[in-house]
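Structure first, then comments.
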Amino acid sequence: MRQADPLRDGHGRVIGDLRVSVTDRCNFRCQYCMPAAGLPWLDREQILRFEEIERLVRLFVSMGVADVRLTGGEPLVRRDFPALVRLLAPIEGLRDLSLTTNGYLLEGMAADLAAAGLRRVNVSLDSLSQDRFFQITRRDALPQVIRGLEALERHPEMAPIKVNCVAMRGFTEEEVLPFAELARRKPYNVRFIEFMPLDADHAWSEDRVLTGAEIRTMIDAVYPLEPQPRESHSTARVHRFRDGHGEIGFVNPVSEPFCGDCNRIRLTAEGRLRTCLFSMHETDLREPLRDGANDDELERIVRDAVWRKELKHRVSEPGFRQPPRTMSRIGG
């Protein structure tokens with residue numbers, strides 16, 4: 001396999017994690033992500049083909065990227081998605097191939113994804129109440145998502161199953177203990193993720209963020225917690241339940257940023273490289289790829305872009321500007 005020097009940014013951080021969006025389309029309309037009417041979708045020709053994604057992933061892996069997560073939009077709406085997993089899973093040097101999904105299509109696809117070589121799944125789920133699930137997603141689909149999670153349980157080769165809940169003040173408070181109880185009775189690693197300024201309606205404000213510390217206090221009062229050491233580059237601060245029944249995590253990009261050892265970059269569905277979730281600048285890889293650039297030329301473009309990776313996201317600092325892309329058009 002082609003092996004290059006590690007991919008580093010100008011602050012000395014070694015890049016090891018790539019998030020790849022495979023589509024901007026989604027079958028939900030979550031309030032913190034997309035307007036009720038949806039967004040204009042990209043044309044098919046604008047989106048990277050599976051073979052193009054494979055080539056770019058191989059290039060990134062040759063530069064030391066070992067973890068790849070497939071995202072969207074909702075990645076499972078991309079036609080023949082398991083075929084992409086089959087292309088990527090055998091890549092030498094790729095340690096972890098995972099998926100972030102809303103879970104709606106998982107029930108019918110879990111077996112195919114496991115057979116294709118997927119190693120881990122994160123399911124986005126913001127409420128365990130059917131009415132409140134509809135309120136946040138604008139879709140009456142909670143039973144389908146729960147059945148999708150149960151389908152994953154039948155495939156231990158894709159464990160651990162992670163459940164991600166966006167924490168929003170005025171909504172999530174009622175969900176905290178039900179999710180803690182879910183983490184105690186099911187083999188799920190539940191993560192609360194602070195609401196970030198990536199919504200299409202630009203309605204985010206800092207006072208709408210329910211912080212990880214507040215949620216941790218709510219849980220600890222009922223189910224005592226004990227902190228676990230933070231792994232290098234990890235986004236989550238993990239706590240175990242003191243009685244040994246499961247764990248719960250807190251991803252706190254607003255109240256406790258983890259930019260200092262961030263090793264993540266992102267590739268959008270149309271092939272633009274983003275070096276931070278909140279980047280205002282992008283680097284086009286699709287055009288040189290389709291114009292016939294060889295791997296050495298693509299590597300130079302990638303290294304130049306990554307060298308300029310932002311030191312930190314600057315959310316909550318004076319002068320912060322929300323990026324024009326919504327979360328659905330970046331990839332989580």
Original post:
Is the side chain of Gln46 donor-acceptor paired with the backbone N or O of Glu270 at a distance under 3.5 Å, no angle test?
Top reply: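 A pair under 3.5 Å: no.
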
Original post:
Does Phe28 have its ring centroid less than 6.0 Å away from the ring centroid of Phe133?
Top reply: yes

What I want to find out is whether [X] reaches [Y] closely enough, with some N-O distance under 4.0 Å, to be called a salt bridge.
X	Y	value
Asp67	Arg69	no
Arg230	Glu256	no
Arg185	Glu181	no
Glu52	Arg49	yes

Original post:
How about Asp126 and Tyr32: does a side-chain donor come under 3.5 Å of a side-chain acceptor?
Top reply: yes

Original post:
Is Leu42 reachable from Phe50 through a run of hydrophobic residues whose side-chain heavy atoms are each under 4.5 Å from the next?
Top reply: no

Original post:
Angle class for the Phe250/Phe192 ring planes (parallel below 30°, perpendicular above 60°, tilted otherwise)?
Top reply: parallel

Original post:
Which residues satisfy the salt bridge (charged side-chain N to carboxylate O under 4.0 Å, His left out) test with Glu282, sequence neighbours excluded?
Top reply: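 Counting only residues at least two positions away or on another chain, Glu282 forms a salt bridge (charged side-chain N to carboxylate O under 4.0 Å, His left out) with Arg272, Arg274, Arg325.
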
**OP:** Could you check if a side-chain atom of Val302 sits within less than 4.5 angstrom of a side-chain atom of Phe60, using non-hydrogen atoms only?
**Re:**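 Contact flag for Val302/Phe60 side chains = yes.
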
Original post:
Side-chain contact, heavy-atom cut-off 4.5 Å: Val123 with Lys162?
Top reply: no

**OP:** Determine whether more than 12 heavy atoms belonging to other residues, nucleotides or ligands lie under 6.0 Å from atom CZ of Phe171.
**Re:**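 Buried by this count: over 12 neighbours within 6.0 Å.
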
Original post:
Are more than 12 heavy atoms from other residues, nucleotides or ligands located less than 6.0 Å from atom CD of Glu231?
Top reply: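 12 or below, so no.
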
Original post:
Where do Gln31 and Met168 land on the side chain to side chain contact (heavy atoms under 4.5 Å, CB included) test, with the steps shown first?
Top reply: CA-CA 11 Å; Gln31 291 190 24; Met168 296 164 286; over 6 Å; no

